[in-house]
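So that the names make sense, note that chain A is the first sequence line, chain B the second, and so on, each numbered from 1.
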2 protein chains.
Amino acid sequence: MGVSVAGPAGRGRPLRNGRGLLDRQAIVAAALAVARTEGLPAVTMRRIADELGCGPMSLYRHVADRDALVLEMLDVVAAGIDVPPPSPDPRAELTGLLTAVHAALAVDHWAVLPLVAEGFASPRILPVLDRALAALTRVGLTGRARLAAHQMLWQYVFGELLWTHHDQPDSLGKRMVRAASPQDFPAIADAVRTASVHPAENFPENLQRLLDGVLGGGSR
Amino acid sequence: MGVSVAGPAGRGRPLRNGRGLLDRQAIVAAALAVARTEGLPAVTMRRIADELGCGPMSLYRHVADRDALVLEMLDVVAAGIDVPPPSPDPRAELTGLLTAVHAALAVDHWAVLPLVAEGFASPRILPVLDRALAALTRVGLTGRARLAAHQMLWQYVFGELLWTHHDQPDSLGKRMVRAASPQDFPAIADAVRTASVHPAENFPENLQRLLDGVLGGGSR
DNA sequence: ACCTGAACACCGTTCAAGT
DNA sequence: ACCTGAACACCGTTCAAGT
């Protein structure tokens with residue numbers, strides 16, 4: 001013992017801290033790197049431990065469990081949101097906030113699933129939500145109507161992120177749509193053709209159309 | 001052997017087929033029952049096998065793997081969509097189609113995640129997609145604008161399903177929002193108050209507002 | 001006191017042995 | 001030929017043994 005029995009390889013250099021010590025920040029950084037290159041499912045306790053050159057159990061000294069680690073990762077993403085300065089114009093305010101969150105999550109698309117599926121979230125998002133709600137108040141929306149408008153906006157943003165910015169270029173659903181018979185489904189075949197021409201980046205204009213509906217109508 | 005060494009219990013009655021035989025339909029039915037009561041993560045090969053009183057490997061005679069089983073389950077959900085008869089009015093047509101899909105997935109909410117996250121889908125949905133695209137054509141939308149409108153509609157529907165119809169009543173995100181300080185985040189605190197009064201069923205009216213934006217504007 | 005290896009209870013699936 | 005138990009390669013995490 002001591003020489004190690006030819007461990008599973010990959011142990012390598014101690015990435016870790018500046019002083020060679022393992023701390024939470026180093027763990028989160030390693031986990032983020034893996035999530036960005038290979039997706040969140042690749043972030044296993046064993047894999048991150050290997051990445052840092054330690055045993056899986058050493059991680060539990062610094063994070064309570066895997067969920068806590070993912071939460072910490074989401075906090076870093078939230079901290080990276082380029083929150084715009086407040087605007088007095090409600091449409092500009094909402095456009096700025098929604099676009100900033102959308103941009104951050106389009107880059108770190110692995111973060112979308114734990115946010116919507118597990119209901120994870122960083123407290124850093126609270127100021128953004130508060131400003132969005134305040135902007136809706138300024139256009140005359142209150143109570144249930146304001147809440148409905150708020151939910152609708154975020155629901156669309158996350159729906160867009162899930163459908164468009166997902167690293168499954170050849171998922172079963174997409175293949176199915178592409179293979180749809182032009183005789184039976186002429187509109188689908190036509191849509192597939194236009195989709196292959198245009199790169200499907202419709203978020204900015206769709207967001208404006210959505211804001212048309214939300215802001216244009218006023219209350220009710 | 002033969003008496004079984006006190007197996008993990010739960011083997012019980014052979015649910016199975018009418019003639020006591022194991023077939024694909026019985027497997028899918030058992031998996032659906034588990035998914036509906038305990039969620040999709042509870043649908044493991046071992047669990048379904050236990051439910052049917054057989055070993056895990058017996059399932060592989062009838063389904064290729066777990067993904068194929070989930071796909072079969074989604075096919076049953078798609079078959080259950082109460083697709084409305086065609087309507088000449090585009091708004092009525094789109095409302096009917098989107099509402100039907102939304103209703104089916106609000107009941108089987110476990111199905112939403114594999115649809116959006118893994119890109120799974122049943123071919124049964126193709127006629128619905130084709131009719132929706134055709135309705136958009138009838139209001140004068142073509143090419144990229146039509147595709148953008150189509151995506152926007154479905155993205156909203158799935159975003160709504162993920163945010164609202166998820167069986168996490170006490171997710172971290174929801175708790176965080178409820179616990180938001182009224183001094184720092186007055187608009188959030190106000191929204192939480194109105195949300196506790198009204199049961200947050202905004203899909204029908206939000207869909208109409210979305211259709212206002214999509215259909216009202218016409219092309220571009 | 002601090003850290004971590006062995007072990008446990010899961011998972012999907014391969015492969016070879018049963019009938 | 002058909003079916004399936006044992007085994008493999010994973011997973012998160014507990015618990016007790018190391019320093």
Side-chain angles (χ1 to χ4, degrees), chain A residues 1-11 14-17 19-24 26-28 30-31 34-35 38-73 110 113-114 117-118 120, chain B residues 1-11 14-17 19-24 26-28 30-31 34-35 38-73 110 113-114 117-118 120:
Chain A
M1 54 196 80
V3 202
S4 109
V5 216
R11 281 300 173 91
L15 193 52
R16 318 201 179 202
N17 191 342
R19 288 183 310 293
L21 288 174
L22 189 68
D23 64 351
R24 180 147 62 184
I27 295 173
V28 175
V34 171
E38 301 172 45
L40 193 56
V43 177
T44 69
M45 300 304 270
R46 285 171 158 90
R47 167 68 188 276
I48 304 307
D50 265 13
E51 215 73 29
L52 295 166
C54 65
M57 282 314 99
S58 308
L59 304 179
Y60 286 84
R61 280 286 122 195
H62 305 95
V63 291
D65 51 20
R66 189 181 181 272
D67 280 2
L69 172 57
V70 173
L71 217 51
E72 213 87 49
M73 295 164 68
W110 57 266
L113 224 48
E118 322 268 0
F120 285 1
Chain B
M1 56 198 78
V3 202
S4 108
V5 216
R11 278 301 172 91
L15 194 53
R16 320 206 178 198
N17 191 341
R19 286 183 312 293
L21 289 173
L22 189 67
D23 64 349
R24 180 147 62 183
I27 294 173
V28 174
V34 171
E38 302 172 44
L40 193 56
V43 177
T44 70
M45 300 304 270
R46 284 171 159 90
R47 169 67 188 278
I48 303 307
D50 266 14
E51 215 73 28
L52 295 165
C54 67
M57 284 313 99
S58 309
L59 304 179
Y60 286 84
R61 280 286 123 195
H62 305 94
V63 291
D65 52 21
R66 188 180 182 273
D67 281 2
L69 172 57
V70 173
L71 217 50
E72 213 86 49
M73 295 164 69
W110 58 266
L113 223 49
E118 322 266 1
F120 286 0

If only side-chain N and O atoms of A/Ser58 are considered, is one of them under 4.0 Å from the OP1 or OP2 phosphate oxygen of C/dC3?
-> no
Can you check the A/Leu22 CG to C/dC2 P distance for me, whole Å?
-> 15 Å
Range-with-range stems for DNA chain C, at least three Watson-Crick or G-U pairs under 3.5 Å = C:4-8 with D:12-16, C:12-16 with D:4-8
Whole Å only: how far is the CG atom of B/Leu59 from the P atom of D/dT4?
-> 10 Å
Return the set of residues passing salt bridge (Lys or Arg N to Asp or Glu O under 4.0 Å) with A/Glu72 (not counting sequence neighbours), or none when no residue passes.
-> A/Arg24
Side chain proximity check, A/Glu38 to A/Arg47, heavy atoms < 4.5 angstrom = yes
Mind calculating the distance between CD1 (A/Ile27) and P (C/dT4) to the nearest angstrom?
-> 11 Å
Given side chains that start at C-beta, do those of B/Leu52 and B/Leu59 come closer than 4.5 Å, heavy atoms only?
-> yes
A correct 5'-to-3' footprint of nucleotides 10-15 of chain C, with B, S and - meaning base, sugar-phosphate only and no protein heavy atom under 4.0 Å, is -BBBB-
With sequence neighbours excluded, give me every salt bridge (Lys or Arg N to Asp or Glu O under 4.0 Å) pair touching residues 55-69 of chain B.
-> none
Rounded to whole angstroms, how far apart are CG on B/Asp50 and C1' on C/dA9?
-> 14 Å
So NE2 of B/His62 and CG of B/Leu22: to nearest 0.5 Å the spacing works out to 5.0 Å
What are the two closest non-hydrogen atoms of A/Met73 and A/Ala35, and how far apart are they?
-> CE-CB, 3.6 Å
Sorted by chain and number, sequence neighbours left out, salt bridge (Lys or Arg N to Asp or Glu O under 4.0 Å) with B/Arg46 holds for none
Give the minimum heavy-atom separation between A/Val43 and A/Ala31, together with the two atoms involved.
-> CG2-O, 3.5 Å
